[in-house]
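Take a look at the structure below.
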Amino acid sequence: EHQKYIRNFSIVAHIDHGKSTLADRILEMTDTVAKRDMQNQLLDDMDLERERGITIKLNAVELKYHSKDGHDYEFHLIDTPGHVDFSYEVSRSLAACEGAILVVDAAQGVEAQTLANVYLAIDDDLEIVPVINKIDLPSAQPDMVKKEVEDVIGLDADDAVLASAKKGIGIEELLEKIVHEVPAPQGNVEDPLKALVFDSVYDDYRGVVLSVRLYDGTVEPGDKIRLMNSGSEYEVTEVGVNSPHPVKRDYLMSGDVGYITASIKDITQTRVGDTITKVDNPAEKALPGYREMEPMVYSGLYPTDNAKFGDLREALEKLKLNDAALEFEPESSQALGFGFRCGFLGLLHMDVVQERLEREFNLDLITTAPSVTYHVETTDDGVKDVENPSEMPDASEIKSVEEPFVKATVMVPNDYVGPVMELCQDRRGQFDTMEYIDDYRVNVVYYIPLSEIIFDFFDKLKSATRGYASLDYEISDYKPSDLVKIDILLNGEKVDALSFISHRSFAASRGRVIVTKLKDIIPRQNFEIPVQAAIGAKVIARTNIKAYRKDVTAHLYGGDRTRRMKLLEKQKEGKKRMKSVGKVEIPQAAFMAVLQTD
Ligand code: GTP
């Protein structure tokens, strides 16, 4: 009976199609937040998220809705992150729902990332409620987008809600649809407890707070619970719901979405996707779909000031409390000193961590170029995982190297298929399929090495297609490749942090591009600096950074004093994020240059 009036759903949308704005309107309409308290985009509560307009952490909010059918409903709106780096979290939060609102921008239409998430929702048998948003835009083409939703996704979009989240149009119609189309939860209160953890965050006061969806049974403070995959056990201290601020409840029962705290100190013991049951009366089987998350991209983080190593460790430990996917271990580099090799889910994840370290912990960091994990088989029949290019054994000791590939799906108007294929081939892509999804759009699928995607592939794709292409990718498997390590020597000394891995056929051209780039990036000093790229002992490219001749401000002597001050200020700015290696000052940009391809 209780469950009959519950609706659990999330919103699936491509970045920028208006998910957060729509969520805000729904919160307003249901009086969950008084209008005057309404802070824009309440669901994204990290500053960084708001600034970048991306949703990283999941959240669930309980709303009360009085329907036109006369009943009061309890809605749980579960937020999902919109970026490929976090697709596992998306899949877990969708698993907590019976329905999904699909938001499509009336001017942009369906994009690849939307598709990926809709397919996740369809796989989970969710009821999908399509919403065509931004119909207030002059460029809106709701009928065309409806047709697209039907052709591309295969959903009946005839009576899709036409909405403007910005202007508040169509919101009530949507709420009624949620009542009538999204099924009520079907669990059994009498069965042993089965609850899905779809998010977990660390809170200084309460410890780890688990966001959960109960399928069967009940849970209340004092219960002894077990996380079925990790095996850890705790005693529940509090249960409740977010509405949107935490509100304590006496218990949660099947169908409910809420939170559990249990004085848990270690977030890595409470991974997203795990199933909670009771120690006394355990469920037989965990909910399906649990997966350990593995970092895909590694890079070295080094404080520019070596004395800050301890601070960096502390900061990483703090971040890790709220980010179970972040991995780090100390490493040292001849060039950069002591730092950490960190593992990330993807490049966005890496950016976010780096930015938080600098902003919230006031650290000045050098980040080395992101790398993937290579599987290396050595001639003495050993096998090792190489996460740091400088640790790649010499060619003479290598039997074979395998690298991770992704299956990349690019959705693009047919006029741009040529440039997309060219780009994919350039990045060592192996063609898989090409499929027309309607009269003018094509899905192009390639298998591409992850290492070729992680850096600037998306930017290149956008510029090759005037912004029209969208990209989605999933990790496929490891395949053998003919790879070599390229070392960079400055002033005759190998700089380990600049070593990178390249396919043999590109090695010579990459070597040339990189020494030229480094020549531009590394400031001149009062002596000439040879820059060389080498494979083993063989130099494949070289150039020189000439010595500078005069003081940068010399020609301004006698001139405007403030101008000179400004120039000096600028130089000081430029000094940040520099690292002295031997006698040479290397700016941050140099460490990323090794990944640039042109
Ligand atoms: P992420 O948080 O990055 O996933 O984006 P989102 O999908 O949540 O998009 P968001 O709600 O932040 O909206 C993106 C932009 O579209 C913002 O500038 C909104 O103001 C704008 N926007 C949202 N809904 C509408 C609408 O109905 N009409 C118009 N004209 N603009 C809208």
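Counting starts at 1 for both ligands and their atoms, following the listed order. Count residues from 1 along the sequence.
- Proximity of I11 to D79: side-chain heavy atoms (C-beta onward) are nowhere separated by under 4.5 Å.
- Residue K167 places every heavy atom at 4.0 Å or more from ligand 1.
- Looking at E62, its side chain never comes within 3.5 Å of a backbone N or O of V257 through a donor-acceptor pair.
- Rounded to the nearest 0.5 angstrom, K146 NZ and D156 CG are separated by 9.5 Å.
- The nearest non-hydrogen atom to atom 10 (P) of ligand 1, considering only I11, V131, T21, D24, comes from T21.
- Within ligand 1, the atoms closer than 4.0 Å to a non-hydrogen atom of H17 are 7 (O), numbered from 1 in the order shown.
- Relative to atom 6 (P) of ligand 1, the option among R25, H14, K19 with the closest non-hydrogen atom is K19.
- Across the listed options I135, V12, N133, N133 owns the non-hydrogen atom lying nearest to atom 24 (N) of ligand 1.
- Contacts with ligand 1 closer than 4.0 Å are made by heavy atoms of both the backbone and the side chain of D16.
- Each of the following atoms of ligand 1 lies closer than 4.0 Å to a heavy atom of L137: 30 (N).
- Residue-level proximity to ligand 1 for A165 is carried by backbone and side chain together, each with a heavy atom below 4.0 angstrom.
- The main-chain N or O of N8 is never found under 3.5 Å from a side-chain atom of H76 such that the two would form a donor-acceptor pair.
- In the vicinity of G18, heavy-atom distances shorter than 4.0 Å reach the ligand 1 atoms 6 (P), 7 (O), 9 (O), 10 (P), 11 (O), 13 (O), 23 (C).
- Going from atom OH of Y298 over to atom CE of M350 covers 13.5 Å, rounded to the nearest 0.5 Å.
- In terms of modelled atom types and a separation under 3.5 Å, the side chain of R206 and the main chain of T261 share no donor-acceptor contact.
- Here CZ of R427 is found 8.5 Å from CD1 of I453. Values are rounded to the nearest 0.5 Å.
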